[in-house]
Colleague: 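First the structure, which I've put down as structure tokens, then a few questions once you've had a look.
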Amino acid sequence: MAQWTAFAGLTVVVLVLLLVLSHLTQTSFSSSSDADSPAGDTTETDNGLEAFDAPQATRDGDADEFSERSSPVTDRSDAGTRHDRHDQPDRGDSNGDGRVDTPENAEPSTGDDGSSSRNDRSIRTDDGHRHPGHAELDPDDLSTGLLLANVAASQGLFLVVLLGAILFTAIPASALGIEFSLVYLTSGLALGTGAGIALYAANELGAAFAERVGFDHDEQLRSMLAPDTTGGWLTLLLVVLPIIAVFEELLFRGALIGVFATGFDMSPWLLAVVSSVAFALGHGMQGSVGVAVTGALGFVLAAVFIATGSLLVVIVAHYLINALEFVVHEGLELEWATRRSVSNRESE
């Protein structure tokens with residue numbers, strides 16, 4: 001019993017870490033999207049300068065100073081022109097809130113390396129220091145290769161930890177739904193292929209129905225991971241997606257259902273519900289529809305695992321679902337289950 005308890009504890013730790021990582025990623029991407037929206041903390045003026053959404057009193061007090069920066073030349077009797085300010089660096093200009101605008105706290109138009117200050121998302125506080133208050137993770141700044149490497153590394157690390165837990169606690173392969181025979185291999189590949197194609201079609205129809213009745217399906221992550229080169233596609237299909245399929249099925253089906261049912265004599269169908277909920281929560285980046293569809297898909301995969309007793313079947317099915325989604329939507333740019341094309345979707 002000790003080995004089962006130890007493995008269960010390690011499995012729960014891996015699951016919690018995975019869900020926390022998923023939540024942090026979703027929060028970072030959501031914060032970046034909010035910052036890029038028109039109602040965000042910054043606005044861009046006609047001359048390309050960014051105006052931070054400061055408190056109203058500060059905006060009112062600095063209105064004249066902002067107007068001065070926004071126009072090439074402005075006559076001001078109390079402070080002089082911008083040209084005079086550069087000629088006399090020791091001369092401070094009083095703005096509307098009584099604060100002296102000196103070269104120390106004045107916001108430069110360019111940095112030390114000659115780059116424009118509009119790319120600097122840090123803010124200056126009253127103590128005269130700059131703080132990265134607006135430096136959020138911007139998905140557009142991350143290359144597809146970097147995203148694929150990040151996914152492969154994180155999922156691969158979790159997979160190694162889980163495999164290490166299996167070896168350390170000496171969990172029998174049969175409890176995970178693994179056998180070492182030719183029959184197991186051939187039947188697993190055949191059943192997994194059929195189940196993968198069928199579940200892919202059902203997954204597409206479910207997502208399309210949800211969209212037609214007014215629910216949003218966020219496809220941002222899939223679009224960001226879609227490669228632009230042949231090498232990128234080979235990496236995605238032969239490295240990244242296999243790692244994802246093996247790890248997630250080993251965790252959500254093999255460990256949470258197979259091991260817990262065998263070691264603790266729990267109902268596999270109750271475990272199927274629990275694992276499906278956890279599986280759905282780990283895919284929060286896909287939006288509300290994505291979470292619901294993924295949860296349903298997870299339960300079907302759990303049912304297939306319980307019925308066949310084979311981890312290989314659900315690994316193959318899981319891989320094919322992901323691979324077909326990428327190839328059909330991002331590679332071939334087909335939206336066969338909906339009335340919208342990819343170009344129309346991107347133009348909305």
Side-chain angles (χ1 to χ4, degrees), residues 1-22 149-189 191-192 195-196 238-283 294 297-322:
M1 178 62 69
Q3 68 180 111
W4 302 101
T5 303
F7 179 78
L10 293 173
T11 300
V12 171
V13 170
V14 172
L15 176 62
V16 170
L17 291 176
L18 176 66
L19 295 180
V20 169
L21 178 61
S22 174
N150 179 67
V151 172
S154 59
Q155 299 271 311
L157 178 60
F158 284 133
L159 176 59
V160 170
V161 172
L162 194 57
L163 290 174
I166 293 172
L167 296 176
F168 176 76
T169 56
I171 296 297
S174 59
L176 296 164
I178 299 175
E179 295 180 9
F180 300 97
S181 67
L182 182 60
V183 174
Y184 174 83
L185 177 62
T186 55
S187 62
L189 291 175
L191 291 176
L238 301 181
V239 178
V240 179
L241 294 186
I243 290 176
I244 293 175
V246 171
F247 165 65
E248 292 190 349
E249 292 308 315
L250 183 61
L251 173 63
F252 291 103
R253 258 61 73 176
L256 291 179
I257 298 178
V259 173
F260 278 61
T262 303
F264 300 99
D265 195 25
M266 300 177 66
S267 168
W269 294 106
L270 174 61
L271 294 171
V273 173
V274 175
S275 67
S276 300
V277 172
F279 185 64
L281 294 177
H283 293 75
T294 302
L297 177 63
F299 184 80
V300 174
L301 287 171
V304 172
F305 174 74
I306 294 172
T308 63
S310 173
L311 183 65
L312 180 60
V313 172
V314 289
I315 288 177
V316 173
H318 191 151
Y319 170 79
L320 283 178
I321 294 170
N322 290 342

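Since the structure is predicted, the reported quantities are computational estimates derived from the model, not experimental observations. All values below were derived from every heavy atom in this structure, side-chain atoms included, with hydrogens, water molecules and symmetry-related copies excluded.
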Colleague: Just jot down the side chain to side chain contact (heavy atoms under 4.5 Å, CB included) partners of A280, sequence neighbours excluded, or say none.
Modeller: V291

Colleague: Give the C-alpha distance, both sets of side-chain angles, the deciding distance and a yes or no for side chain to side chain contact (heavy atoms under 4.5 Å, CB included) between F279 and L251.
Modeller: CA-CA 9 Å; F279 185 64; L251 173 63; over 6 Å; no

Colleague: For F247 and F158, take the angle between the two ring planes, folded into 0 to 90°, and tell me which bin it lands in: parallel under 30, tilted 30 to 60, perpendicular over 60.
Modeller: parallel

Colleague: How about CZ on F168, more than 12 heavy atoms from neighbouring residues, nucleotides or ligands closer than 6.0 Å, or not?
Modeller: no

Colleague: What heavy-atom pair brings F305 and G258 nearest, and what distance separates the two atoms?
Modeller: CE2-N, 3.8 Å

Colleague: For the residue pair A302 and I257, what are the closest heavy atoms and their distance?
Modeller: CB-CD1, 3.5 Å

Colleague: Does I178 form a side chain to side chain contact (heavy atoms under 4.5 Å, CB included) with L312? I'd like the steps, not just the answer.
Modeller: CA-CA 7 Å; I178 299 175; L312 180 60; over 6 Å; no

Colleague: Which atom pair, heavy atoms only, marks the closest approach of A173 to F180?
Modeller: CB-CE1, 4.0 Å

Colleague: Distance-only, no hydrogens or angles: does the T262 side chain make a donor-acceptor pair with backbone N or O of V259 under 3.5 Å?
Modeller: no

Colleague: Of the options L163, V14, I315, which is the one that meets L250 in a side chain to side chain contact (heavy atoms under 4.5 Å, CB included)?
Modeller: L163

Colleague: To the nearest 0.5 angstrom, please state how far the OG1 atom of T11 sits from the CD1 atom of I171.
Modeller: 8.0 Å

Colleague: Would you give the length of the straight line joining atom CG of L159 to atom CD of E249, rounded to the nearest 0.5 angstrom?
Modeller: 12.0 Å

Colleague: Judged by atom type as modelled, is there a donor-acceptor pair below 3.5 Å linking the side chain of Q3 to the main-chain atoms of T169?
Modeller: yes

Colleague: Grab the two heavy atoms, one from G298 and one from S276, that are nearest each other, plus how far apart they are.
Modeller: C-OG, 3.4 Å

Colleague: Look up atom CG in L185 and atom OG in S310, then write down how far apart they are to the nearest 0.5 Å.
Modeller: 9.5 Å

Colleague: In Å, rounded to the nearest 0.5 Å, how long is the span from NE2 of H283 to CG of L297?
Modeller: 8.5 Å

Colleague: Mind checking side chain to side chain contact (heavy atoms under 4.5 Å, CB included) for V13 and listing every partner two or more places apart, or none if nothing turns up?
Modeller: L17

